[in-house]
Amino acid sequence: MQAALSQCSVEQLFAADASQLAAWQFSPPQISALLQPKQARIEQALTWLEQNDCHLLGCFDPRYPECLRNIQRPPLLLFVRGNPALLDKPQLAIVGSRHASVSGLNHAKRFAQQLAEQGITITSGMALGIDAAAHKGALIAKPDATIAVVATGLDRVYPKRHQALAHQISEQGAIVSEFWPGTAAKANHFPRRNRIISGLSLATLVVQAGLPSGSLLTANYAAEQGRDVFAMPGSIDDPLHAGCHHLIQQGAKLVTCPVDIIEELGVFSGQTALPLHAVEQNMQEQDLPYRQLLDNVAYETTTIDDLVLSTQQPVDAVLAQLTELEILGVVAVVPGGYVKLRRN
């Protein structure tokens, strides 16, 4: 199909008959859609396009992202709300569980922020959990550093609680869908969305994922598309990390810090990036108070009783210190106790 997309115009595309479209390797559903377009859907899309920052990129459009064009069976149409020029920027997909742990959310946000600061556009699916954390981390770095690919029409936001996030991304970033305006979320839409997430990106990072999961599907698409796959390890007892460990066993590259990705791919933006030692330095903790207490808070849940016992301090003193460390963003409250959020 790649040859067809690069050679035919929109006029030729809609003038072609079924045999010509088949020769160009369009799928039967795509051929049916081209030969029998739904007029009501077209009218709805034209109304949507009249809004500010709403765009429609056909496979014949020079703005159609080249990275996506080169996958097997790329979408014929891309609806974009925001800046379509971002779609050709070097991108890293960051995906993971909707039910991520506090540490997983923190890792996704930190990786996204530091990689975006290096000129890498962060692409994800605007789902709950890891996806949202990755978008938010990128937005901290730059307002135009993230792209969301969604499984609905762009006149809808799914999940609804991400209305504010969607608005923030579309202001200077971009939200992308292959689904026509008016399309609701359906289970079979999410795998189609996932192939676009990986197809737009030079590589995919999975932060946390169970077995099975949509994140593993995105990673599998990335591998099939000839893109790198990175996975973050975790506790062998935590089912949220089972998918990442499976990917590592299958050949995904294990990463423990953003520098691992930068070294593997290189900084692939046209911007001048920080030296690697500067990135590493940014990852170090600043001088923090209550070192004795902090050294006893683990990256897995640590109970108050354990902290009182290990520090030999009264409960009220431990709770006061934890509150201050929580305000500094160094620890977080989780069911059963506290976890550390930054590495030493």
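Across Cys59 and Arg69, no two heavy atoms sit closer than the pair O-NH1, 2.6 Å. Residues Ala209 and Leu216 come closest through the heavy atom pair CB-CD2, 4.2 Å. Residue Lys109 comes nearest to Ile140 through the heavy atom pair CE-CD1, 3.3 Å, listed as atom of the first residue, atom of the second, then distance.
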side-chain contact (heavy atoms from CB on, under 4.5 Å) between Gln250 and Val229, intermediate numbers included:
CA-CA 10 Å; Gln250 298 300 310; Val229 177; over 6 Å; no

Evaluate side-chain hydrogen bond (donor to acceptor under 3.5 Å, both in side chains) for Thr303 paired with Asp305, printing each intermediate quantity in order.
CA-CA 5 Å; Thr303 67; Asp305 289 343; 5.3 Å; no

Pair Leu34, Leu76 - check side-chain contact (heavy atoms from CB on, under 4.5 Å), show working.
CA-CA 10 Å; Leu34 287 167; Leu76 291 180; 4.1 Å; yes

Test side-chain contact (heavy atoms from CB on, under 4.5 Å) on Leu87 and Leu68 and set out the steps.
CA-CA 9 Å; Leu87 302 187; Leu68 184 63; over 6 Å; no

Check step by step if side-chain contact (heavy atoms from CB on, under 4.5 Å) holds for Ile304 and Tyr338.
CA-CA 8 Å; Ile304 293 293; Tyr338 288 78; 3.5 Å; yes

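Atom CG of Asp306 and atom OG1 of Thr301 lie 10.5 Å apart (nearest 0.5 Å). Expressed to the nearest 0.5 Å, how far CD of Gln91 lies from SG of Cys67 amounts to 7.0 Å. Rounded to the nearest 0.5 angstrom, Arg63 CZ and Leu56 CG are separated by 8.5 Å. Residue Gln172 holds its CD atom at 12.5 Å from OG1 of Thr146, rounded to the nearest 0.5 Å. The CG atom of Leu139 sits 4.5 Å away from the CD atom of Gln168 when rounded to the nearest 0.5 Å. Summarising the geometry, atom CG belonging to Asp17 is positioned 9.5 Å from atom CD1 belonging to Ile31; distances are rounded to the nearest 0.5 Å.
Counting heavy atoms from C-beta on, the side chains of Pro233 and His241 never come closer than 4.5 Å. Looking only at side-chain heavy atoms (C-beta outward), Ile147 and Lys89 stay at 4.5 Å or farther from each other. Counting only heavy atoms from C-beta outward, the side chains of Ser124 and Val95 approach each other to under 4.5 Å. Within the 4.5 Å cutoff, the side chain of Tyr290 has no heavy atoms near those of the Leu322 side chain.
Looking only at atom types and distance, the side chain of Gln72 has no donor-acceptor partner in the side chain of Glu224 under 3.5 Å away.
Relative ring orientation between Phe111 and His107 is described as perpendicular, the plane-to-plane angle rising above 60° on a 0-90° scale split at 30° and 60°. Relative orientation of the Trp48 and Phe79 rings is perpendicular, given thresholds of 30° and 60° on the angle between their planes.
When each of Ser97, Ser101, Ser215 is paired with Gln208, the side chain to side chain donor-acceptor pair (under 3.5 Å) condition holds for Ser101 and for no other. Put simply, the residue from Ile248, Val207, Thr256, Leu247 that forms a side-chain contact (heavy atoms from CB on, under 4.5 Å) with Met232 is Val207.
In this structure, the side-chain contact (heavy atoms from CB on, under 4.5 Å) partners of Glu171, at least two apart in sequence or on a different chain, are His167. The side-chain contact (heavy atoms from CB on, under 4.5 Å) test applied to Gln225 returns Ile71, Arg195, Ser198, Tyr221, Arg227, not counting sequence neighbours.
Judged by the 6.0 Å and 45° rule, Arg193 forms no cation-pi pair with Tyr158.
Linking ILVMFWY side-chain heavy atoms closer than 4.5 Å, directly or via other members, places Leu240 and Ile130 in two distinct hydrophobic clusters. One hydrophobic cluster, built from ILVMFWY side chains closer than 4.5 Å, holds both Val333 and Leu294. Each of Val334 and Leu128 belongs to its own hydrophobic cluster when Ile, Leu, Val, Met, Phe, Trp and Tyr are linked at side-chain heavy-atom distances under 4.5 angstrom. Residue Leu78 is grouped with residue Leu86 when hydrophobic side chains (ILVMFWY) are merged at heavy-atom distances under 4.5 angstrom, including chains of intermediate members. By the criterion of side-chain heavy atoms lying less than 4.5 angstrom apart, applied directly or through intervening Ile, Leu, Val, Met, Phe, Trp or Tyr residues, Ile262 is not grouped with Leu254; the two fall into different hydrophobic clusters.
Classification of Asp260 and Lys253 as a salt-bridged pair fails, no side-chain N sitting under 4.0 Å from a carboxylate O.
More than 12 heavy atoms of other residues, nucleotides or ligands lie within 6.0 Å of CD in Gln20, so this atom counts as buried by the packing criterion.
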